[in-house]
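To keep things clear, I will list the structure first and then write my remarks on it.
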Amino acid sequence: MTELAPPRAADTSRPAASSELDIQGMTCASCALRVEKALAKVPGVARASVNLATEKATVDADASVTTDTLVNAIRKAGYDAQPLNDAPPPAADAQSTAELAIGGMTCAACSGRVEKALARIPGVTSASVNLATEKATVTTNGAVGVDQLIAAVTKAGYQATPLSADDATPAAAEDKDAAARAAVRRELGAVVICALLTLPLIVPMLAEPLGLHAMLPATLQLALATVVQFVFGARFYRAAWKAVRAGAGNMDLLVALGTSAAYGVSVYQMALHPGDMMHLYFEASAVVITLVRFGKWLEARAKRQTTDAIRALNALRPDRARIVVGTEEHEVPLAQVRVGMLVAVRPGERVPVDGTVLQGRTHIDESLITGESLPVPKQQDDRVTAGSINGEGAITVTTTAIGAETTLARIIRLVETAQAEKAPIQRLVDRVSEIFVPAILAIALITLVGWLIAGHGAETAILNAVAVLVIACPCALGLATPTAIMAGTGVAARHGVLIKDAQALEIAHQVRVVAFDKTGTLTVGQPSVTAFETTEGVGRSKALALAAAVQRHSEHPLAKAVLKAFEADGGGASLPASSDARAVAGRGVEADIDGETVAIGSSRWLGELGIAPSPALALRAQQLEAQGNTVSWLIGRGKTDAQIETQADTPAQALALIAFGDTLKPGARAAIERLSRMGVKSALVTGDNEGSANSVAAALGIDEVHAQVLPSDKARVVHDLKIRTSSVVAMAGDGINDAPALAAADIGIAMATGTDVAMHAAGITLMRGDPTLVADAIDISRRTWRKIQQNLFWAFVYNLIGIPLAAFGLLNPMIAGAAMAFSSVSVVTNALLLRTWRSSQ
């Protein structure tokens, strides 16, 4: 961003004929569109344009429209803004984000209540609470302290603790995981004891249809049920009381009311008919509590599995490193390593830092970071990533990034952020959850009154009302979306696809057109020899050896391509000695070989030397150039066998044609074909010439080509694609010049092998430069979306079918409790099926 002018007092009365605003808080193209719409609605605004890549808004408006009016419109839309030529706001108004770990939530109503409590604090601009991760993300204007946030959560009846950078360390992650495992084990122990106490209460009921009468004495039933109700059910009473005190309801309130009613009816019957053998309902209350706790154990166990990706990534971070000082190695804590230090990595060890190889050769296993299954060869100047596993060779690495700045740390942050985000569809679910518990309480009351009016006894009316209370399950609604998102982003990360946020995941499933950049995305991005053809009578191997000899000391990309072509030729000729290599500006390079001058140069130089290639080579050169290749010529006094025998002298001539081009990536064609099978069209948007673009498109099967597109125009081409196709358009690229197009697309897909600018502008980052990952990203998004739909369907079906059945007396309270317990379990388990996803390439 350009440096701002010196601060001066804001002039809010000046005309806003053409104003520029700096926008904060935008994360995707839909954000930019929302800001654009908010500005367009301001009376007097003629035109508003928002650029996500630069985070700027340009507004043309009447003189009556002040910058304050524009800023307020943006803030109402949920973003922050300031005029680019005004003084920056005071520090107290700076946006800051705090993360809190929330304890005590049991259902979607709980998370909604915490969210509301936080949002009501003056200075809080946004609050998002994720039930699955039990985290709250709060954005404030900088004047709100963490203590205020914690106090608001506590007042709402829950616990909150701030999350700091220390909580992201490997040790903290391990401690948290150990605590989660311990909690799951404790819950299992409670379920087992609860089940043992409940079993004697339900066995007689199950034996009754078989003619076996083994009813326990009422006092023994009371003793067993009381322990279950008030010891193992105490958690429901505590949580319900907090909810009531906060003026709201949750799942715990429904369970507490329902089981208390069944327990109370039984105690009342005992008091009314002491000593009589009668059917009591202690087993109903005990079974419901046992089943709900069993469901909570299964849910906790399954939820822990949704965070497997984060735990696997955290496990990659070593705690210590071996630094090299002089000729000695010293093992030190990783926190003591600094950028620029030399780090030794022995075979079989994890690489502790991001860096470049200074000495040694090896293979590195990067599978858990990039999804690449095969070890990657590394040598001097190659980059290595923290967390990857060194293979057979010892290497010395120059540190380029440590701690939170390593690629692995950034991946972990990105996955955690995506898992903590709410998908847009979750907002609808949250609104339903707000009225869910009050609605259930009202339906239970209507059920009770209705059965009494119908002339049935209080016992029947209460039991049916209890069934309504315990069948209702707001948990499944609250877990349906976040668990699917956690599982989807987790499996994507394991396969080398990083999804920035839940919105990107939700948008990607709708993609119907993918616009690809060419160089570095579909092609390797490095020149290679695409054709080497000699003049008649000159041997190919000999000519290739001469070309390699001329280029052997050059670092130019084309020289490296010639040397690679010679190596790939299999050594059909030995590489002759060359000397006095020199560059000829704008024309080529030449060197002395065996007393003769041999050169590699352009067609222009060939013409200046008055050398005409053979008609066949001249025609071939035209064909190759039309396909986008760069053509050079090998020039020398090459002799045919006949000339050697007669010892005839020969003039300089074009010995061979050398064509350079960018080769396609191995998976490029498979990627385009797979997208086509998925119903996704592909387009090529490149700055290269028509011949090169059409050649690549023909080789890959891409129908739509936009060639010679300037970087500034790529965004326009993507925008036109969106309008013309009326589809959701994704853009896949890797360079700085692709960033505006990535931002302009509905969803940007960046190659991590490219620039940081491209990755920041994209919603999805591919950790290796394989275009088949584009199809993987869309496929994972589609499957995740289907899981969300399935989960919401089952969550609503449980309630829509179960509640009327309970209200009409067709559902026993124990069956209702089982259905309620397993509804949330089924939702989480269905989401976990995403972990079995495999690429279909």
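Hydrogens, waters and symmetry mates play no part in the numbers below; they use all other heavy atoms, side chains included. What you are looking at is a predicted structure, and each value in this text was computed from that prediction instead of being measured.
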Do Ile507 and Trp785 pass the side-chain contact (heavy atoms from CB on, under 4.5 Å) test, and can you show the C-alpha distance, the side-chain angles, and the key distance before you say yes or no? CA-CA 9 Å; Ile507 292 172; Trp785 180 250; over 6 Å; no
Just wondering, do Asp517 and Lys714 contact through their side chains at under 4.5 Å, heavy atoms? yes
Spell out, as yes or no, whether a donor-acceptor pair under 3.5 Å connects the side chain of Ser128 to the backbone of Thr137. no
Quick one: does Arg786's side chain get under 4.5 Å of His509's, heavy atoms only? no
Is any side-chain heavy atom of Val42 closer than 4.5 Å to one of Thr69? yes
Using modelled atom types and a 3.5 Å cut-off, is there a donor and acceptor pairing between side-chain atoms of Thr489 and backbone atoms of Ile485? yes
Is a side-chain donor or acceptor of Asp354 paired with a backbone partner of Thr406 at a separation under 3.5 angstrom? no
In this structure, are over 12 heavy atoms from other groups packed under 6.0 Å from His363 atom NE2? yes
Under 3.5 Å: donor-acceptor pair, side chain of Thr523, backbone of Lys518: yes
Least distance between heavy atoms, Ala670 atom then Thr772 atom: CB-CG2, 4.4 Å
Does a donor on one side chain and an acceptor on the other come within less than 3.5 Å for Thr125 and Thr139? no
Are any side-chain N or O atoms of Glu115 and backbone N or O atoms of Val129, one a donor and one an acceptor, separated by less than 3.5 Å? yes
Heavy-atom donor-acceptor pair, Arg783 side chain to Leu834 backbone, under 3.5 Å: no
Please answer whether the main-chain N or O of Leu721 pairs with a side-chain N or O of Thr725 as donor and acceptor at a distance below 3.5 Å. yes
Quick one: does Arg674's side chain have a donor or acceptor within less than 3.5 Å of a partner on Val774's backbone? no
Considering all heavy atoms of both residues, which atom of Ala744 and which atom of Val718 are nearest to each other, and what is their separation? C-CG1, 4.1 Å
When the ring planes of His495 and Trp837 are compared, do they come out parallel, tilted or perpendicular, using 30° and 60° as the limits? perpendicular
Within-4.5 Å side-chain heavy-atom neighbours: Ile780 and Ile778: no
Can you find a heavy atom in the side chain of Ile764 that is under 4.5 Å from one in the side chain of Leu766? yes
How about CG on Asn72, more than 12 heavy atoms from neighbouring residues, nucleotides or ligands closer than 6.0 Å, or not? yes
Using only atom types and a distance under 3.5 Å, with no angle test, would you say the side chain of Thr356 pairs donor to acceptor with the backbone of Thr400? no
Does the pair Arg724/Glu704 count as a salt bridge with the N-to-O cut at 4.0 Å? yes
Are Arg835 and Arg494 close enough that some pair of their side-chain heavy atoms sits under 4.5 Å apart? yes
Considering only heavy atoms from C-beta outward, does the side chain of Met751 approach that of Thr521 to under 4.5 Å? yes
Quick check against the 3.5 Å criterion: does Ser781 have a side-chain atom that pairs as donor or acceptor with the backbone of Ala777? no
